[in-house]
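Chain naming here is simple, since letters A, B, ... match the order of the sequence lines and numbering starts at 1 in each. Because only heavy atoms are used, hydrogens play no part in the values below, and waters and symmetry mates are left out as well, while side chains stay in. No experiment lies behind these values; they were computed from the predicted model shown.
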2 protein chains.
Amino acid sequence: MGRPRQFNEEHAVQAACRTFWAKGFDGTSTEDLCQATGLPRSSLYNTFHSKEHLFRRALSHYVSTMTARQGAILDTQGANGLERIRSLLAAIVDDEAANRQSGQSGCFTVNTITTIAARNPAIARLVEADLHKRLASLRLAVMDGRLDGSIAADRDPDAAAWYVTSLISGIRIAGQAGADREALEGIAAVGVQALTP
Amino acid sequence: MGRPRQFNEEHAVQAACRTFWAKGFDGTSTEDLCQATGLPRSSLYNTFHSKEHLFRRALSHYVSTMTARQGAILDTQGANGLERIRSLLAAIVDDEAANRQSGQSGCFTVNTITTIAARNPAIARLVEADLHKRLASLRLAVMDGRLDGSIAADRDPDAAAWYVTSLISGIRIAGQAGADREALEGIAAVGVQALTP
DNA sequence: CAGGTTTTGTACCGAATGGAACAAAACTGG
DNA sequence: CCAGTTTTGTTCCATTCGGTACAAAACCTG
């Protein structure tokens, strides 16, 4: 009952996500959010309660989308462990090369870590929970790779999983710093050799 | 002539650097800067003209200090190319492990890239100029390593230099994300194997 | 259609923001 | 010791900030 919503909540979250991603938490004003979502302040506050709540919704949306994509690539059947990780890195490079042209760049999660994670425990927990999920699926891919021989057997799965997430962060930073597609592909190509026997 | 300064400009820049590093450009208020430097607003504005000018001074101070350190490690005599890069990574890990305890964490340059570089050309140029310096000294170390046999001869020096900078960024992000010293050392240990023959 | 409930539109609020104004203070060169 | 110059202390300002108040609007249930 009550007056029905005149907007789609998920669409609003996505618009907010793009804005926070591009401008950061501190750099985004509530006015920016109104404009990005096309909603009046009253609707935003009625639905999301505060700027920080909306940020958490936006970040949750981002991490779940991205981590699902990563999981899908890493769970691909018929490819060995190394090939799956190589595909993941290629997808990241594609992303970042595309972002370069659209102006949107880098990784929302990484941006969040470098700015507000230290100041906001709730956001830090969100990021950390996602990190562990990503580490877990990477660890599985590494263990698969060790069994199928595509990844050196002496690589510790934990260390290798951490390594790949760090490499991904590094690639996205490089993209934001102005590296072109060729440079990003070079980074991935060199980086993947840390895993081969 | 005129009334003499009652403070040391470099000290003020360093204090501002720590503050911007920890809280970011948008998250730092001019009041924060007054408190960190111990200066009244009038002195800050008289000397540094604006928040953005002070930020540039702070960032310049940071990158020149850090890049000089990196250069010193990479120019160490008596070590082969790979050993020098390994030392650099070890220094980064030490830094980040120490930062973890002091609360200060991550890399000011990386934080800047993820937040304001896209919105401010002057700051972006500052970061990019520094990046090229770091890439150049890494490229030299890689070429040395190829000659002395510590680095695989088929690694492209450009790609390898980009790779190491990305790996460094990734390690710092991991540190900010909560990785402990052991995890960071693991990342560096795996990462360095991308360069070995 | 009446009563209850939720959303929407508009107006507004106190606080904090980056920065300017300006006079007093502290120096130097003549 | 005076004129000129720079720094310092205080006060103030316009704007923007995140958020609230409240009534009108639009629905559902009975």
Side-chain angles (χ1 to χ4, degrees), chain A residues 1-60 111-112 115-117 119-123 126, chain B residues 1-59 111-112 115-117 119-123:
Chain A
M1 61 178 91
R3 181 170 172 175
R5 288 258 167 88
Q6 293 180 354
F7 66 95
N8 181 311
E9 193 169 321
E10 285 309 308
H11 289 172
V13 169
Q14 287 165 24
C17 179
R18 283 191 297 270
T19 309
F20 279 127
W21 184 0
K23 304 173 120 190
F25 182 81
D26 291 319
T28 301
S29 69
T30 53
E31 179 57 34
D32 290 334
L33 294 167
C34 291
Q35 200 152 353
T37 58
L39 297 176
R41 311 168 69 69
S42 53
S43 295
L44 271 190
Y45 274 91
N46 183 54
T47 309
F48 302 109
H49 313 303
S50 74
K51 183 183 172 185
E52 190 191 319
H53 276 84
L54 179 51
F55 183 87
R56 293 215 290 262
R57 282 287 301 270
L59 183 59
S60 293
N111 299 359
T112 300
T115 45
I116 28 171
R119 308 186 337 234
N120 191 312
I123 294 176
L126 229 158
Chain B
M1 62 178 92
R3 182 170 172 173
R5 286 255 168 90
Q6 294 180 353
F7 67 96
N8 181 312
E9 194 169 321
E10 284 310 308
H11 288 357
V13 169
Q14 288 164 24
C17 180
R18 283 191 298 271
T19 309
F20 279 128
W21 184 1
K23 307 173 113 184
F25 181 81
D26 292 318
T28 301
S29 70
T30 53
E31 180 57 33
D32 290 334
L33 295 168
C34 291
Q35 200 152 354
T37 59
L39 297 176
R41 310 168 69 69
S42 52
S43 295
L44 270 190
Y45 274 91
N46 183 54
T47 309
F48 302 108
H49 314 303
S50 75
K51 183 182 171 184
E52 189 192 319
H53 275 83
L54 178 51
F55 182 87
R56 294 216 290 263
R57 282 287 301 271
L59 183 60
N111 299 0
T112 300
T115 45
I116 29 169
R119 312 190 327 242
N120 190 312
I123 294 175

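- Contact annotation: the side chain of Phe55(B) approaches that of Ile116(B) to within less than 4.5 Å [non-hydrogen atoms, C-beta and beyond].
- Counting only heavy atoms from C-beta outward, the side chains of Leu33(A) and Phe48(A) never approach each other to under 4.5 Å.
- At whole-Å resolution of the value, CG in Asn8(A) and C1' in dT8(C) are 17 Å apart.
- Protein chain B touches strand DNA chain D; the 5'-most and 3'-most nucleotides with an atom under 4.0 angstrom of its non-hydrogen atoms are dT5(D) to dT10(D).
- Side chain to side chain, Asp32(A) and Ser29(A) meet the donor-acceptor criterion of an N or O pair below 3.5 Å.
- Of the residues in residues 19-44 of chain A, those placing a heavy atom less than 4.0 Å from an atom of DNA chain D are Thr28(A), Ser29(A), Thr30(A), Arg41(A), in numerical order.
- Residues Thr115(A) and Asp26(A) are not in side-chain contact: their nearest non-hydrogen atoms beyond the backbone lie 4.5 Å or more apart.
- Looking at heavy atoms from C-beta onward, Arg57(A) lies out of side-chain contact with Thr47(A) at the 4.5 angstrom threshold.
- Phe48(B) comes within 4.0 angstrom of no nucleic acid atom, judged by non-hydrogen atoms across all strands.
- Annotation: of the two residues near DNA chain C, His49(B) and Gly2(B), the 5′-most nearest-nucleotide partner is His49(B).
- Few gaps surround CD on Glu9(B); more than 12 heavy atoms of other groups in view lie less than 6.0 Å from it.
- Looking only at side-chain heavy atoms (C-beta outward), Phe7(B) and Thr37(B) stay at 4.5 Å or farther from each other.
- Looking at heavy atoms from C-beta onward, Thr112(A) lies out of side-chain contact with Phe20(A) at the 4.5 angstrom threshold.
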